[in-house]
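Note that ligands are numbered from 1 as they come in the structure, with each ligand's atoms numbered from 1 the same way.
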Amino acid sequence: MCSQRWEWCLALELLMLPHLFLATSIQGHSEHPVTAISGSNVSLQISSLPANYTQLTWLYTADQKILEWESKRTSFFNSKFKERVRLNQNHALYIYNVQKEDSSTYILRVLEEYGREKEWYISLEVHDPVPKPVIQIWKTQEVNNACHLQLSCMIPNQSINYAWYGDSGLFSTGLQNFVLEITVEPQNYSKFYTCQASNPVSSKNDTVYFTLPCKLARSSGVAWIATWLMVMVPIVPGLLWT
Ligand SMILES: *[C@@H]1O[C@H](CO)[C@@H](O)[C@H](O)[C@H]1NC(C)=O
Ligand SMILES: *[C@@H]1O[C@H](CO)[C@@H](O)[C@H](O)[C@H]1NC(C)=O
Ligand SMILES: *[C@@H]1O[C@H](CO)[C@@H](O)[C@H](O)[C@H]1NC(C)=O
Ligand SMILES: *[C@@H]1O[C@H](CO)[C@@H](O)[C@H](O)[C@H]1NC(C)=O
Ligand SMILES: *[C@@H]1O[C@H](CO)[C@@H](O)[C@H](O)[C@H]1NC(C)=O
(Lines give C-alpha, C1' and ligand atoms only; values in the text may rest on other atoms or scores of the structure.)
(Ligands and ions follow the chains in the order given, each with its own letter.)
Protein backbone atom coordinates (compact mmCIF):
# COMPACT_ATOMS: atom_id res chain seq x y z
CA MET A 1 0.00 0.00 0.00
CA CYS A 2 2.73 2.39 1.00
CA SER A 3 4.80 1.75 -2.12
CA GLN A 4 1.85 2.67 -4.36
CA ARG A 5 0.31 5.54 -2.48
CA TRP A 6 3.24 7.21 -0.87
CA GLU A 7 1.56 10.61 -0.44
CA TRP A 8 -1.12 8.98 1.59
CA CYS A 9 1.50 7.09 3.54
CA LEU A 10 3.48 10.20 4.22
CA ALA A 11 0.37 11.87 5.54
CA LEU A 12 -0.25 8.89 7.76
CA GLU A 13 3.34 8.90 9.04
CA LEU A 14 3.00 12.61 9.84
CA LEU A 15 -0.22 11.93 11.68
CA MET A 16 1.63 9.30 13.65
CA LEU A 17 4.56 11.57 14.48
CA PRO A 18 3.27 12.35 17.97
CA HIS A 19 3.82 8.68 18.73
CA LEU A 20 7.51 9.14 18.18
CA PHE A 21 7.60 11.61 21.02
CA LEU A 22 5.72 9.17 23.18
CA ALA A 23 8.29 6.50 22.42
CA THR A 24 9.33 6.14 26.03
CA SER A 25 5.77 5.29 26.99
CA ILE A 26 5.49 2.49 24.41
CA GLN A 27 5.37 -0.84 26.14
CA GLY A 28 7.97 -3.29 24.89
CA HIS A 29 7.92 -7.04 25.51
CA SER A 30 10.57 -9.59 24.63
CA GLU A 31 9.68 -13.03 23.35
CA HIS A 32 11.88 -16.11 23.52
CA PRO A 33 14.62 -16.06 20.87
CA VAL A 34 14.20 -18.32 17.85
CA THR A 35 17.12 -20.37 16.51
CA ALA A 36 17.08 -21.76 12.98
CA ILE A 37 19.29 -23.50 10.46
CA SER A 38 20.06 -21.75 7.15
CA GLY A 39 17.57 -22.60 4.44
CA SER A 40 14.71 -23.47 6.76
CA ASN A 41 11.36 -21.69 7.08
CA VAL A 42 10.61 -19.97 10.37
CA SER A 43 7.59 -18.51 12.02
CA LEU A 44 8.01 -15.59 14.42
CA GLN A 45 5.05 -15.59 16.72
CA ILE A 46 3.92 -13.38 19.56
CA SER A 47 2.18 -15.21 22.35
CA SER A 48 -0.34 -12.67 23.63
CA LEU A 49 -1.55 -10.12 21.12
CA PRO A 50 -4.21 -7.68 22.29
CA ALA A 51 -7.72 -8.61 21.13
CA ASN A 52 -8.46 -5.51 19.11
CA TYR A 53 -5.95 -3.64 17.08
CA THR A 54 -6.27 -1.50 14.02
CA GLN A 55 -2.80 -1.83 12.55
CA LEU A 56 0.02 -4.31 12.83
CA THR A 57 3.56 -3.88 11.50
CA TRP A 58 6.47 -6.31 11.35
CA LEU A 59 9.89 -4.69 11.24
CA TYR A 60 13.36 -6.11 10.64
CA THR A 61 15.10 -3.34 12.54
CA ALA A 62 13.60 -0.24 14.11
CA ASP A 63 13.56 1.55 10.75
CA GLN A 64 13.05 -1.24 8.21
CA LYS A 65 9.44 -2.28 7.81
CA ILE A 66 8.72 -5.68 6.28
CA LEU A 67 4.96 -5.68 6.11
CA GLU A 68 1.94 -3.92 7.49
CA TRP A 69 -1.55 -5.17 8.12
CA GLU A 70 -4.45 -2.77 8.28
CA SER A 71 -8.17 -3.20 7.66
CA LYS A 72 -7.75 -6.83 6.58
CA ARG A 73 -5.14 -5.86 3.98
CA THR A 74 -1.45 -6.72 4.07
CA SER A 75 1.07 -4.55 2.27
CA PHE A 76 4.67 -5.51 1.71
CA PHE A 77 7.52 -3.03 1.84
CA ASN A 78 10.51 -3.02 -0.42
CA SER A 79 12.90 -5.05 1.68
CA LYS A 80 15.10 -8.07 1.16
CA PHE A 81 12.19 -10.09 2.52
CA LYS A 82 9.70 -9.01 -0.13
CA GLU A 83 9.47 -12.37 -1.89
CA ARG A 84 10.09 -14.47 1.21
CA VAL A 85 7.50 -13.50 3.79
CA ARG A 86 3.90 -14.13 4.54
CA LEU A 87 1.61 -13.06 7.33
CA ASN A 88 0.05 -16.10 8.92
CA GLN A 89 -3.48 -16.44 10.29
CA ASN A 90 -2.39 -15.63 13.84
CA HIS A 91 -0.33 -12.74 12.48
CA ALA A 92 2.92 -14.60 12.89
CA LEU A 93 5.62 -13.55 10.46
CA TYR A 94 6.52 -16.53 8.30
CA ILE A 95 9.92 -16.27 6.56
CA TYR A 96 11.01 -18.73 3.89
CA ASN A 97 14.57 -19.86 3.32
CA VAL A 98 16.21 -17.90 6.15
CA GLN A 99 19.85 -16.90 5.81
CA LYS A 100 22.50 -15.94 8.35
CA GLU A 101 22.05 -12.27 7.39
CA ASP A 102 18.40 -12.49 8.49
CA SER A 103 19.57 -12.76 12.10
CA SER A 104 18.21 -9.75 13.94
CA THR A 105 15.79 -8.59 16.58
CA TYR A 106 12.45 -8.36 14.81
CA ILE A 107 9.82 -5.98 16.06
CA LEU A 108 6.07 -6.32 15.99
CA ARG A 109 4.35 -2.97 16.41
CA VAL A 110 0.65 -2.98 17.11
CA LEU A 111 -1.66 -0.01 17.14
CA GLU A 112 -4.59 -0.62 19.43
CA GLU A 113 -7.94 1.11 19.34
CA TYR A 114 -7.69 4.66 20.68
CA GLY A 115 -4.14 4.90 19.28
CA ARG A 116 -2.14 3.14 21.95
CA GLU A 117 0.97 1.50 20.52
CA LYS A 118 2.61 -1.67 21.76
CA GLU A 119 5.83 -3.37 20.71
CA TRP A 120 7.18 -6.90 20.92
CA TYR A 121 10.77 -7.95 20.27
CA ILE A 122 11.71 -11.38 19.05
CA SER A 123 15.25 -12.24 18.08
CA LEU A 124 16.09 -14.69 15.33
CA GLU A 125 19.48 -16.38 15.15
CA VAL A 126 20.25 -18.23 11.94
CA HIS A 127 23.22 -20.59 11.82
CA ASP A 128 24.84 -22.57 9.03
CA PRO A 129 25.29 -26.27 9.78
CA VAL A 130 28.75 -26.91 11.29
CA PRO A 131 31.36 -28.18 8.85
CA LYS A 132 32.83 -31.61 9.59
CA PRO A 133 35.83 -31.17 11.87
CA VAL A 134 39.12 -32.88 11.07
CA ILE A 135 41.33 -33.81 14.00
CA GLN A 136 44.91 -32.68 13.57
CA ILE A 137 47.54 -34.61 15.46
CA TRP A 138 49.81 -31.90 16.80
CA LYS A 139 51.94 -34.08 19.04
CA THR A 140 52.44 -37.72 20.06
CA GLN A 141 55.43 -37.98 22.36
CA GLU A 142 56.54 -40.97 24.34
CA VAL A 143 57.94 -40.03 27.75
CA ASN A 144 59.07 -42.91 29.98
CA ASN A 145 56.11 -45.25 30.01
CA ALA A 146 53.58 -42.56 29.15
CA CYS A 147 52.35 -40.90 25.97
CA HIS A 148 51.76 -37.22 25.65
CA LEU A 149 49.06 -36.30 23.12
CA GLN A 150 48.08 -32.98 21.68
CA LEU A 151 45.14 -32.92 19.29
CA SER A 152 43.31 -30.05 17.65
CA CYS A 153 40.04 -29.91 15.77
CA MET A 154 39.59 -26.22 15.08
CA ILE A 155 37.04 -24.94 12.61
CA PRO A 156 38.09 -21.38 11.76
CA ASN A 157 35.98 -18.24 12.07
CA GLN A 158 32.99 -19.76 13.80
CA SER A 159 31.65 -19.82 17.28
CA ILE A 160 31.65 -23.53 18.01
CA ASN A 161 31.32 -25.69 21.07
CA TYR A 162 33.81 -28.55 21.10
CA ALA A 163 33.49 -31.73 23.13
CA TRP A 164 36.21 -34.39 23.36
CA TYR A 165 35.29 -37.99 24.07
CA GLY A 166 37.26 -41.16 24.82
CA ASP A 167 35.99 -44.65 25.58
CA SER A 168 35.28 -43.72 29.18
CA GLY A 169 33.23 -40.67 28.20
CA LEU A 170 33.64 -36.92 28.04
CA PHE A 171 37.08 -35.39 28.63
CA SER A 172 36.33 -31.75 28.21
CA THR A 173 33.89 -29.42 26.59
CA GLY A 174 33.58 -25.72 26.00
CA LEU A 175 33.21 -22.89 23.56
CA GLN A 176 36.34 -22.63 21.39
CA ASN A 177 37.92 -25.48 23.42
CA PHE A 178 39.36 -27.15 20.32
CA VAL A 179 42.60 -28.56 21.78
CA LEU A 180 42.88 -31.80 23.74
CA GLU A 181 46.15 -32.22 25.58
CA ILE A 182 46.53 -35.33 27.72
CA THR A 183 49.06 -37.80 28.99
CA VAL A 184 48.05 -41.43 28.95
CA GLU A 185 49.56 -44.59 30.35
CA PRO A 186 48.89 -48.26 29.53
CA GLN A 187 46.30 -48.44 32.33
CA ASN A 188 44.25 -45.39 31.32
CA TYR A 189 44.49 -44.83 27.57
CA SER A 190 41.40 -44.70 25.37
CA LYS A 191 41.16 -46.69 22.16
CA PHE A 192 39.82 -43.61 20.37
CA TYR A 193 39.53 -39.87 20.70
CA THR A 194 36.50 -38.14 19.22
CA CYS A 195 36.05 -34.43 18.70
CA GLN A 196 32.46 -33.28 18.39
CA ALA A 197 31.86 -29.79 17.01
CA SER A 198 28.43 -28.26 17.56
CA ASN A 199 26.54 -25.02 17.17
CA PRO A 200 22.93 -24.43 18.24
CA VAL A 201 21.57 -26.16 15.11
CA SER A 202 23.88 -29.02 14.24
CA SER A 203 26.76 -31.23 15.28
CA LYS A 204 29.46 -33.28 13.54
CA ASN A 205 32.45 -35.28 14.74
CA ASP A 206 35.78 -36.85 13.83
CA THR A 207 37.68 -39.67 15.53
CA VAL A 208 41.30 -40.82 15.72
CA TYR A 209 42.37 -44.23 17.04
CA PHE A 210 45.09 -44.89 19.59
CA THR A 211 47.39 -47.86 19.95
CA LEU A 212 50.07 -48.44 22.58
CA PRO A 213 52.61 -47.30 23.26
CA CYS A 214 52.02 -43.95 21.57
CA LYS A 215 50.48 -44.11 18.14
CA LEU A 216 47.46 -42.41 16.60
CA ALA A 217 45.81 -43.34 13.32
CA ARG A 218 42.92 -41.91 11.34
CA SER A 219 41.22 -45.29 11.07
CA SER A 220 41.12 -48.21 13.41
CA GLY A 221 41.96 -51.86 12.80
CA VAL A 222 38.54 -52.65 14.23
CA ALA A 223 36.82 -50.61 11.52
CA TRP A 224 38.86 -52.46 8.90
CA ILE A 225 37.79 -55.86 10.32
CA ALA A 226 34.13 -54.73 10.34
CA THR A 227 34.34 -53.80 6.65
CA TRP A 228 36.02 -57.11 5.90
CA LEU A 229 33.24 -58.99 7.73
CA MET A 230 30.55 -57.10 5.79
CA VAL A 231 32.18 -58.24 2.57
CA MET A 232 32.78 -61.79 3.77
CA VAL A 233 29.43 -62.55 5.40
CA PRO A 234 27.41 -62.64 2.14
CA ILE A 235 30.17 -64.66 0.47
CA VAL A 236 30.44 -67.43 3.08
CA PRO A 237 26.82 -68.75 2.78
CA GLY A 238 27.32 -68.55 -0.98
CA LEU A 239 30.31 -70.86 -0.64
CA LEU A 240 28.34 -73.24 1.61
CA TRP A 241 25.53 -73.56 -0.92
CA THR A 242 27.75 -74.73 -3.71
C1 LIG B 1 9.65 -23.90 3.07
O2 LIG B 1 8.49 -23.45 2.41
C3 LIG B 1 8.47 -23.70 1.00
C4 LIG B 1 7.26 -23.03 0.41
O5 LIG B 1 6.09 -23.41 1.08
C6 LIG B 1 8.47 -25.20 0.77
O7 LIG B 1 8.49 -25.47 -0.61
C8 LIG B 1 9.70 -25.79 1.42
O9 LIG B 1 9.66 -27.19 1.32
C10 LIG B 1 9.79 -25.39 2.88
N11 LIG B 1 11.07 -25.82 3.38
C12 LIG B 1 11.20 -26.51 4.51
C13 LIG B 1 12.62 -26.85 4.90
O14 LIG B 1 10.24 -26.84 5.20
C1 LIG C 1 -13.21 -5.63 20.06
O2 LIG C 1 -13.98 -4.90 19.15
C3 LIG C 1 -15.27 -5.45 18.91
C4 LIG C 1 -15.94 -4.63 17.82
O5 LIG C 1 -15.62 -3.29 17.88
C6 LIG C 1 -16.07 -5.44 20.22
O7 LIG C 1 -17.33 -6.03 20.02
C8 LIG C 1 -15.30 -6.23 21.27
O9 LIG C 1 -15.94 -6.17 22.51
C10 LIG C 1 -13.89 -5.72 21.41
N11 LIG C 1 -13.12 -6.60 22.32
C12 LIG C 1 -12.33 -6.15 23.26
C13 LIG C 1 -11.65 -7.20 24.08
O14 LIG C 1 -12.15 -4.97 23.47
C1 LIG D 1 38.73 -16.26 8.55
O2 LIG D 1 38.84 -14.88 8.80
C3 LIG D 1 40.03 -14.29 8.28
C4 LIG D 1 40.11 -12.86 8.72
O5 LIG D 1 38.89 -12.38 9.17
C6 LIG D 1 40.04 -14.43 6.75
O7 LIG D 1 41.22 -13.89 6.22
C8 LIG D 1 39.93 -15.90 6.39
O9 LIG D 1 39.82 -16.03 4.99
C10 LIG D 1 38.71 -16.53 7.03
N11 LIG D 1 38.73 -17.95 6.78
C12 LIG D 1 37.67 -18.65 6.40
C13 LIG D 1 37.87 -20.11 6.22
O14 LIG D 1 36.57 -18.13 6.23
C1 LIG E 1 46.62 -41.43 33.26
O2 LIG E 1 47.30 -41.72 34.44
C3 LIG E 1 48.44 -40.88 34.70
C4 LIG E 1 49.15 -41.39 35.96
O5 LIG E 1 48.24 -41.70 36.96
C6 LIG E 1 47.95 -39.43 34.87
O7 LIG E 1 49.06 -38.58 35.07
C8 LIG E 1 47.20 -39.02 33.63
O9 LIG E 1 46.65 -37.70 33.79
C10 LIG E 1 46.08 -39.99 33.32
N11 LIG E 1 45.49 -39.62 32.06
C12 LIG E 1 44.18 -39.52 31.87
C13 LIG E 1 43.74 -39.12 30.50
O14 LIG E 1 43.37 -39.72 32.75
C1 LIG F 1 29.52 -38.89 15.65
O2 LIG F 1 28.77 -38.82 14.43
C3 LIG F 1 28.05 -40.02 14.14
C4 LIG F 1 27.34 -39.83 12.82
O5 LIG F 1 28.16 -39.18 11.90
C6 LIG F 1 27.06 -40.32 15.25
O7 LIG F 1 26.43 -41.54 14.98
C8 LIG F 1 27.79 -40.39 16.58
O9 LIG F 1 26.84 -40.55 17.61
C10 LIG F 1 28.59 -39.13 16.82
N11 LIG F 1 29.35 -39.30 18.05
C12 LIG F 1 29.46 -38.36 18.96
C13 LIG F 1 30.27 -38.66 20.15
O14 LIG F 1 28.92 -37.28 18.82
Side-chain angles (χ1 to χ4, degrees), residues 34-45 58 66-67 74 76 80-90 92-103 106 124-155 158 160-220 222-223 226-227 230:
V34 173
T35 305
I37 191 160
S38 309
S40 62
N41 300 337
V42 301
S43 173
L44 301 181
Q45 187 160 5
W58 273 106
I66 301 171
L67 60 81
T74 307
F76 294 86
K80 61 176 179 174
F81 297 100
K82 200 165 181 193
E83 309 298 327
R84 291 197 287 134
V85 286
R86 176 178 94 198
L87 191 63
N88 268 1
Q89 285 297 314
N90 48 9
L93 181 71
Y94 194 79
I95 312 175
Y96 300 99
N97 190 19
V98 286
Q99 300 302 319
K100 255 162 71 168
E101 307 76 62
D102 296 339
S103 301
Y106 289 71
L124 171 67
E125 245 184 68
V126 183
H127 299 268
D128 289 336
V130 279
K132 183 171 164 49
V134 176
I135 295 178
Q136 289 170 347
I137 301 165
W138 278 358
K139 193 191 250 178
T140 51
Q141 191 176 39
E142 214 178 326
V143 195
N144 303 325
N145 208 17
C147 175
H148 183 71
L149 300 173
Q150 204 179 16
L151 307 175
S152 165
C153 117
M154 187 183 64
I155 294 168
Q158 292 195 38
I160 285 180
N161 192 81
Y162 298 89
W164 287 93
Y165 295 92
D167 50 18
S168 57
L170 184 70
F171 280 107
S172 65
T173 183
L175 206 61
Q176 306 304 60
N177 180 22
F178 52 83
V179 174
L180 178 70
E181 185 164 16
I182 50 169
T183 301
V184 296
E185 296 193 342
Q187 72 277 7
N188 69 357
Y189 74 95
S190 165
K191 286 194 273 304
F192 65 88
Y193 296 93
T194 295
C195 167
Q196 182 191 54
S198 354
N199 69 8
V201 296
S202 70
S203 148
K204 291 205 177 75
N205 65 56
D206 190 29
T207 297
V208 289
Y209 299 88
F210 181 83
T211 42
L212 282 170
C214 194
K215 196 162 160 269
L216 281 170
R218 299 218 56 85
S219 64
S220 71
V222 178
T227 320
M230 269 160 58

Spatial distance of atom CG (Leu151) from atom CH2 (Trp164) [nearest 0.5 Å]: 4.5 Å
Sorted by chain and number, the residues that approach ligand 5 to under 4.0 Å with a heavy atom: Tyr165, Gln196, Asn205
Determine all donor-acceptor pairs shorter than 3.5 Å in which one atom belongs to a side chain in residues 178-185; sequence neighbours excluded.
| residue | atom | partner | partner atom | Å |
| --- | --- | --- | --- | --- |
| Glu181 | OE2 | His148 | NE2 | 3.0 |
| Thr183 | OG1 | His148 | ND1 | 3.2 |
| Glu185 | OE1 | Gln187 | NE2 | 2.7 |

Asn188 N/O under 3.5 Å from ligand 4 N/O: yes
Ser190 and Asp167 side chains, donor-acceptor separation under 3.5 Å: yes
Pairwise distance CG(Asn161) to CD(Gln176) - rounded to 0.5 angstrom: 9.0 Å
Min N/O separation Tyr94 to ligand 1 under 3.5 Å: no
Minimum heavy-atom distance Asn199-Asp128, with the two atoms named: ND2-O, 2.8 Å
Contact atoms of ligand 1, heavy-atom distance to Tyr96 under 4.0 Å: 2 (O), 3 (C), 4 (C), 5 (O)
Residues which pass side chain to side chain contact (heavy atoms under 4.5 Å, CB included) with Pro213, listed by chain and number, not counting sequence neighbours: Glu142
Partner residues of Arg84 under the salt bridge (Lys or Arg N to Asp or Glu O under 4.0 Å) criterion, sequence neighbours left out: Asp102
Shortest non-hydrogen separation from Ile160 to Ala197 and the atoms involved: CG2-CB, 3.8 Å
Side chain, backbone, both or neither: the part of Thr183 lying under 4.0 Å from ligand 4 by heavy atom: backbone
